[in-house]
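When a residue number appears, it is its place in the shown sequence, counting from 1. All values below were derived from every heavy atom in this structure, side-chain atoms included, with hydrogens, water molecules and symmetry-related copies excluded.
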Amino acid sequence: MKHPVSAYFNRMVVFPFPALSPDGKRVAYLSSVTGSPQIWLGSMCKGLLEFPRPLTAGTEKQPYVLGPKIDWAGPDRLVAVMDRHGDEATFIEVTNLKTGERYTLDDKPGTRSSFSHIGRDNNTIFLSSNRDNPVAQALYTFDMKNRRLEKWFEDSKSFSASWLGEKTFKGHRLFMLYRGAGHVSIHGIHPKTKKVIDVFHKEDGIFIPVGEWRKGKWLVVSDQGRQFSGLAIYDFKTGEFKWLGRDQWDVEFADVSPDKKHLVVSRNVAGRSEVEILTWPALKKLALKVPKDGVIDGLSFSKNGKEAVFSMQSPTETRNLYHLDLRSRKVRPLTDTWTSPVPHAALVKPELVKYESNGKSIHAWFYRPKGAKKDASLPVIVWPHGGPQFQERASIRPIFQYFVARGFAVWAPNPSGSTGYGKDFMRAIEGQWGTADLPDMQNGIAWLKSSGWIDEKRIAIMGGSYGGYMTLRSITRLPEVFKVAVDIFGPSNLLTFAKSVPPDWTPYMDQLLGNPERDKEKLMEQSPIFSLDKIRCPLLVIQGAKDPRVVQAESDQIVEALKKRGHPVDYIVFEDEGHGFFKLENELKAYTAAADFLEKYLG
């Protein structure tokens, strides 16, 4: 039975990073089950999540779902980061569950604010914001009792600043400055004098304090002098690292439970999450059974440290909430978000393929229709991921499942620049957009052609954000390969793109992309807008009008230029979307149009 595109998106969308109440009896999380992202609250009963209720229902204010953040301030208040329709001008909102009162902490137009945690007093919000300087994220605290905002620190050279929870060093509150990909520094600030001390600063990678292991020695996650981030005991007196094993994959999460009895660690192993629990501080590994075929993207402890909730998804499972009992180490699901008429058994698990490209081993996910024959007959859709420093992982892609059900193969590679394969591999894309990764894309297509699975005359390409850029780059540099293309909010002109990003992104973009003045010739060569004469295939462009990252002008200019040339191009603009689709109605319209467009030309 053939199902429409909408059937594959028929799920109760749950976003990552749920928040467990202090008593462990309630879970707050973000869901777009009503059509747009809102805050929901459910109660725990006999190991299950009772039918939840929405706490927000307005259409004017939308939770910020690109980096969702919800936390409890005591038993009756929730603190959340919000924005309006994906504009990413984020603000912080406090909701009192007992009285129903809701107020906005910081809603200065055009600024971005977020919070790291709630203080132990359940009254202080620790946050960062560019409200006073559009090019710098400064550190603040907000007293919810007196409604008073206090500024603590600002550094105009950093891409972002964030508090490191309740961690302290020599009586100073710890915070982190992010100065670019793989470059962070740790500092402390005195709670009374606001004097700042340097704690750790080396331009060789990341350094994230997890917890004080012994006096003067901390467990940290770092990749100092290594390709992958791993666990180490760092001696602040001697500056020495004692590595706990030689990780061949990144440690993506590590945290000590509030009761200081357990350490939870998650590793990104070839795109899948592998979780373990250790005693703290003895670091003895304990038995734990967690599915290993998916991705865990958020974990929240109860205040007493005895339990936690997290979210997890896989290529054949929509994101669900799970409960972890740290005493018994038992894991149980709290939700079942798949409400589609498409049976689970019809969903396809991808094959993880490795192929060689210029001496490097590249990973790619290869989705094939059930029952497909190896007779070189499959049409294939190449999916370059967003980022560029991002990774296509073992997570649900409803549109992939739709295409596979319709008889198409999907190829989702992780070329140079992708995260998860070492920091040199990730940094290869810096200043080399569409240059470092294009040969890996090309060699991946060569692998497909030689695999015996695909029809090389029916190859499409489709992607969003940086994936949209790579779609445009690929059809201008490899025009003979692709029969049709779909670009979803991808930059077309890197010169104008570099000048249009939010002001506090400028230092980071200078490193990641380049400078439009200093690197003008290179950026022109890398910009698809200047090679339109090479494009041969029909193109569909999809854009959000409120997108602050890739502004609408990036799509407007390539569509207008192609129309002037008489080239077949379709254009869809969503007036109430930003960088991505957060409203189910728009998501369905976009992917239905993309599916129809691809099917029209691939047959």
Q: When you compare the side chain of Y402 with that of K2, does any pair of heavy atoms fall below 4.5 Å?
A: no
Q: Would you say the side-chain atoms of S273 pair up with the backbone N or O of S266, donor to acceptor, closer than 3.5 Å?
A: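 Side chain of S273 to backbone of S266, a donor-acceptor pair under 3.5 Å: no, none is there.
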Q: Look only at the side chain of R319 and the backbone of V14, and say whether a donor-acceptor pair between them is shorter than 3.5 Å.
A: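 Confirmed, R319 side chain pairs with V14 backbone.
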Q: Can you tell me how far apart OG (S555) and CD1 (I572) are? Round to the nearest 0.5 Å.
A: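 Spacing of OG (S555) from CD1 (I572) equals 11.5 Å.
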Q: Rounded to the nearest 0.5 Å, how far does OG1 of T124 lie from CG of N122?
A: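 It comes to 9.5 Å.
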Q: Below 4.5 Å, heavy atoms only, C-beta onward: do L288 and K330 meet side chain to side chain?
A: no
Q: Under a plain distance cut-off of 3.5 Å, with no hydrogens placed, do T95 and R102 share a side-chain donor-acceptor pair?
A: yes
Q: Take D23 and K25 through the salt bridge (charged side-chain N to carboxylate O under 4.0 Å, His left out) test and state the conclusion after the steps.
A: CA-CA 6 Å; D23 60 7; K25 294 181 179 180; 5.1 Å; no
Q: Give a yes or no on whether a salt bridge exists between R267 and E274, defined as a side-chain N under 4.0 angstrom from a carboxylate O.
A: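 No, this pair does not count.
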Q: Under a 3.5 Å cutoff, is there a donor and acceptor pairing between the side chains of D293 and S314?
A: no
Q: Given F126, which partner from the list F175, Y140, W163 fulfils the ring pair (Phe, Tyr, Trp, His ring centres under 6.0 Å) test?
A: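 Testing F126 for a ring pair (Phe, Tyr, Trp, His ring centres under 6.0 Å) against F175, Y140, W163 leaves exactly one candidate, W163.
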Q: Considering only heavy atoms from C-beta outward, does the side chain of L326 approach that of E307 to under 4.5 Å?
A: no
Q: Using every non-hydrogen atom in the two residues, find where V295 and G271 come nearest and quote the distance to one decimal.
A: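 Heavy atoms of V295 and G271 come nearest at CG2-O, 3.5 Å.
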Q: Would you check if the side chain of T335 reaches a backbone N or O of N320 as a donor-acceptor pair within less than 3.5 Å?
A: no
Q: Given Y367, which partner from the list V380, I381, V404 fulfils the side chain to side chain contact (heavy atoms under 4.5 Å, CB included) test?
A: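 Between Y367 and the candidates, side chain to side chain contact (heavy atoms under 4.5 Å, CB included) is satisfied uniquely by V404.
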Q: About how many Å separate CG of N304 and CG of D259, when rounded to the nearest 0.5 Å?
A: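 If we round to the nearest 0.5 Å, D259:CG and N304:CG are 7.0 Å apart.
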Q: Could you tell me if the side chain of R26 sits less than 4.5 Å from the side chain of M44, heavy atoms only?
A: no
Q: What is the distance from atom CZ of R272 to atom OG of S395, rounded to the nearest 0.5 Å?
A: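 R272 atom CZ to S395 atom OG measures 11.5 Å (nearest 0.5 Å).
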Q: Should the pair K546-E575 be classified as a salt bridge under the 4.0 Å nitrogen-to-oxygen rule?
A: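 Looking at K546 and E575, the cut-off is not met.
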Q: Any donor-acceptor pair under 3.5 Å linking the side-chain atoms of Q391 with those of N268?
A: yes
Q: Looking at CG of L286 and CD of E276, how far apart are the two atoms once the value is rounded to the nearest 0.5 Å?
A: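 If I round to the nearest 0.5 Å, the distance is 9.5 Å.
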Q: Knowing that exactly one of W411, F408, F400 qualifies, which makes a ring pair (Phe, Tyr, Trp, His ring centres under 6.0 Å) with W383?
A: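 One option only clears the test, and that one is F400.
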Q: Are L598 and F403 close enough that some pair of their side-chain heavy atoms sits under 4.5 Å apart?
A: yes
Q: A quick test of your reading: do over 12 heavy atoms of other residues, nucleotides or ligands sit less than 6.0 Å from NZ of K370?
A: yes
Q: Is it true that a side-chain atom of D223 and a backbone atom of F228 form a donor plus acceptor pair closer than 3.5 Å?
A: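 Looks like no, no N/O pair under 3.5 Å.
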Q: So that I know where these two stand, are Y466 and Y469 an aromatic pair - ring centroids less than 6.0 Å apart?
A: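 Judged by ring-centre distance (under 6.0 Å), Y466 and Y469 do meet the cut-off.
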Q: Checking side-chain polar atoms at under 3.5 Å, does E577 have a donor or acceptor matched by the opposite partner on N586?
A: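 The criterion, which ignores hydrogens and geometry beyond distance, is satisfied for N586 and E577.
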Q: About how many Å separate OG of S300 and CD1 of I70, when rounded to the nearest 0.5 Å?
A: 10.0 Å
Q: Taking all non-hydrogen atoms of both residues, which atom of A595 and which atom of V5 are closest, and how far apart?
A: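 Of all heavy-atom pairs spanning A595 and V5, the closest is CB-CG2, 4.0 Å.
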Q: What pair of heavy atoms forms the shortest contact from D297 to P16, and how long is it?
A: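 Of all heavy-atom pairs spanning D297 and P16, the closest is O-CB, 3.2 Å.
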Q: Answer yes or no: is there a donor N or O on one side and an acceptor on the other, between the side chain of Q401 and the main chain of Y8, under 3.5 Å?
A: no
Q: Go through it in stages, so that I can follow the logic: the residues are E599 and F597, the test is side-chain contact (heavy atoms from CB on, under 4.5 Å), and I'd like the CA-CA distance, side-chain angles, deciding distance and then a yes or no.
A: CA-CA 6 Å; E599 290 181 341; F597 194 78; over 6 Å; no
Q: Please check if the side chain of S340 supplies one atom and the backbone of A7 the other of a donor-acceptor pair under 3.5 Å.
A: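 Yes, S340 side chain to A7 backbone: donor-acceptor pair under 3.5 Å.
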Q: Could you pull out the closest heavy-atom pair between S257 and G305, with the gap in Å?
A: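 Shortest heavy-atom separation between S257 and G305 comes out as CB-O, 3.9 Å.
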Q: Check whether NZ of the Lys or CZ of the Arg K69 lies under 6.0 Å from the centre of the six-membered ring of F115 and within 45 degrees of that ring's axis.
A: yes
Q: Consider only side-chain N and O atoms of S465 and H579, and report whether a donor and an acceptor are under 3.5 Å apart.
A: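 Yes, because at least one side-chain N or O of S465 sits under 3.5 Å from a partner of the opposite role on H579.
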Q: So do the side chains of F310 and V331 get within less than 4.5 Å of each other, counting heavy atoms only?
A: yes
Q: Are P384 and I461 side-chain neighbours, meaning at least one heavy-atom pair lies under 4.5 Å?
A: yes
Q: Can you see which heavy atom on A254 is nearest to which on V221, and at what distance?
A: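 Looks like CB-CG2, 3.8 Å.
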Q: For T471 and D487, which I'm curious about, is there any donor-acceptor pair between the side chains at under 3.5 Å?
A: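 Side-chain D/A pair, T471 to D487: absent.
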Q: Could you pull out all residues at least two apart from H363 that satisfy ring-ring contact (aromatic ring centres under 6.0 Å, His included)?
A: Y421
Q: Between K306 and D325, does a side-chain contact (heavy atoms from CB on, under 4.5 Å) hold up when you go through it step by step?
A: CA-CA 6 Å; K306 292 179 171 54; D325 187 319; 5.9 Å; no
Q: Which is it for E252 and R393 under the salt bridge (charged side-chain N to carboxylate O under 4.0 Å, His left out) test, yes or no, and what are the steps along the way?
A: CA-CA 13 Å; E252 57 186 353; R393 300 192 63 183; 2.8 Å; yes
Q: Quick one: does Q552's side chain get under 4.5 Å of V573's, heavy atoms only?
A: yes
Q: Tell me whether N96 contacts the main-chain N or O of E101 through its side chain, where contact means a donor paired with an acceptor under 3.5 Å.
A: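 Not confirmed, N96 side chain does not pair with E101 backbone.
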Q: Side chains of T337 and T318: do they bring a donor and an acceptor to under 3.5 Å?
A: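 The criterion, which ignores hydrogens and geometry beyond distance, is satisfied for T318 and T337.
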Q: So that I know where these two stand, are W338 and H344 an aromatic pair - ring centroids less than 6.0 Å apart?
A: yes
Q: Please check if the side chain of Q543 supplies one atom and the backbone of V550 the other of a donor-acceptor pair under 3.5 Å.
A: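 Looks like yes, one N/O pair under 3.5 Å.
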Q: With a 3.5 Å distance limit and no angle check, can you tell me whether W249 reaches the backbone of A270 through a side-chain donor-acceptor pair?
A: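 No, W249 side chain to A270 backbone: no donor-acceptor pair under 3.5 Å.
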Q: Please check if the distance between the ring centroids of Y591 and F9 is under 6.0 Å.
A: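 Yes.
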Q: Is there a side-chain contact (heavy atoms from CB on, under 4.5 Å) between K349 and W365 once you walk through the steps?
A: CA-CA 9 Å; K349 290 185 178 181; W365 300 99; over 6 Å; no
Q: Determine the minimum heavy-atom distance between V256 and F301, stating which atoms define it.
A: O-CE1, 3.9 Å
Q: For I125 and L105, run side-chain contact (heavy atoms from CB on, under 4.5 Å): C-alpha distance rounded to whole Å, both residues' side-chain angles, the deciding distance at 0.1 Å, then the answer.
A: CA-CA 10 Å; I125 301 175; L105 180 162; 3.5 Å; yes
Q: Is a side-chain donor-acceptor pair under 3.5 Å present for H385 with S418?
A: yes
Q: Any donor-acceptor pair under 3.5 Å linking the side-chain atoms of S160 with those of Q137?
A: no
